[in-house]
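Counting starts at 1 for both ligands and their atoms, following the listed order.
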Amino acid sequence: MAEKKYLKSVTIPVSTFENVMKQFDQAAARLNIDQGLLEFLKYPRRSTIVKLPVKMDDGTYKMFTGYRVQHSIVRGPAKGGIRYHPDVDLDEVQALAAWMTWKCAVVNIPFGGGKGGIACDPATMSKGEMERLTRRYTATLYDMFGPESDIPAPDVNTNEETMAWIMDTYSMHARHTVTSVVTGKPLVLAGSLGRREATGAGVVIAVREALNHLKIDPHKATAAVQGFGNVGSVSALYLQRLGIKVTHVCDVFGGLFNPDGIDIEKLINYVKEHRRIAGFPGAKECDRNDIIYADADILVPAALENQITEENARDIKARIIAEGANGPVTPDADPILKERDIFVIPDILCNAGGVTVSYFEWVQNRLGYYWTAEEVNVRLERFMTSAFHDILKAAQENGVHMRLAAFMVAIQRVADVVQLRGIYA
Ligand code: GLU
């Protein structure tokens, strides 16, 4: 198991998959489902580890380790992104795959859950090296992927270009163009309008519903956003469009603070040029590690998992935590946040806009007919708001916090499908 860095530079071993299992067990204990069936739903159906040799630009060969986990295919093909990061390991990929199963069930789209990753450091690699690594990964896992079986998408450090390489490599092996094998593709390459913004857009739809539920006026609210990648930057922009003042943001290099609100549109343009937020003239610099303790009404952790733990949950000042990232709050922190009356919009609901528009992209690819941005956004709005209210209702009816409610609804939805399909033997 990898050692993962917590904020405040405390390094302790964390099993992210164990965290998901705890979340599962807490929800399962409140459901009336056969114990054997629960075991079937809990663990990944298939975990694959592959060795990937890549010829580097200097002519040497380097070995990488890649992963693809299919957690569940009960409700449809395994669905989930591919992450490139030095910390990627089987434990993390299994956790992320499980969250995808529950996320797809929460927004009620006909997919199971999967996730992939390669342990690598994209910051130190050239574009050519990244392309060769991606193509080797896709070719090696060719038998696993497919529009009806397992459909990758972007995640941390992968993007539209990566998806184009996957689509092309898969298609070369299939001997014909297969667009629906991967989502998050470039627009001209059978991508969907609105996919790039979808995760952040969904986060802000969930925040808007939460504010409404808590009777907080967005025009009087402030927000802090941890992470300024695709999810963090779009979330910040859409929060600002909702009238919320974004006072704090950070990326992997540093933090920014402006009590009058940071102009996010300008910051996004600045980052396009400078590749980091540091040096932006419209705000003061601050320690990136302080962002999660910011004095703001809404906190959007949109970076990596295990950021808010038992150690620091008491120091959070926000009234709402909107989980743009997967797994930013550990199970030990949840009861503390509940006790402190902090409203947590759990990842499997909050960041589900991304996979929802991935589903729309897959539908459009299979139809061969493309929707307008408005058609995409109206549907995203519908899926996100109905998921939010399904979970809120379950939370109120069962007297539990939103994460527990989301897991309860999701597990029940998958279990219902298993019951109807029956166990083949
Ligand atoms: N990686 C994203 C997530 O964690 C998107 C997955 C997808 O679109 O399949 O939800």
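- Using modelled atom types, one finds no donor on one side chain facing an acceptor on the other under 3.5 Å when comparing Ser358 with Glu361.
- Residues that satisfy the side-chain hydrogen bond (donor to acceptor under 3.5 Å, both in side chains) test with Tyr370, not counting sequence neighbours, are Asn365.
- The salt bridge (charged side-chain N to carboxylate O under 4.0 Å, His left out) search around Lys55 returns none, not counting sequence neighbours.
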Throw together a table of side-chain donor-acceptor distances under 3.5 angstrom for residues 95-109, partners on residues two or more places apart or in other chains.
unit_1: Trp99; atom_1: NE1; unit_2: Gln23; atom_2: OE1; d: 2.9
unit_1: Thr101; atom_1: OG1; unit_2: His71; atom_2: ND1; d: 2.7
unit_1: Thr101; atom_1: OG1; unit_2: Gly113; atom_2: N; d: 3.3
unit_1: Trp102; atom_1: NE1; unit_2: Ala98; atom_2: O; d: 3.4
unit_1: Lys103; atom_1: NZ; unit_2: Asn326; atom_2: OD1; d: 2.9
unit_1: Lys103; atom_1: NZ; unit_2: Asn351; atom_2: OD1; d: 2.8
unit_1: Asn108; atom_1: OD1; unit_2: Arg75; atom_2: NH2; d: 3.2

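- For ligand 1, the protein residues within 4.0 angstrom (heavy atoms only) are Lys79, Gly80, Gly81, Met100, Lys103, Lys115, Ala153, Pro154, Asp155, Arg195, Asn326, Gly354, Val355, Ser358.
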Determine, step by step, whether Asn212 and Arg208 satisfy the side-chain contact (heavy atoms from CB on, under 4.5 Å) criterion, reporting the C-alpha distance in whole Å, the side-chain angles of both residues, the deciding distance to 0.1 Å, and the verdict. CA-CA 6 Å; Asn212 198 19; Arg208 186 197 66 208; 5.8 Å; no
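- With hydrogens and angles ignored, the 3.5 Å screen pairs a side-chain donor or acceptor of Lys79 with a backbone N or O of Pro152.
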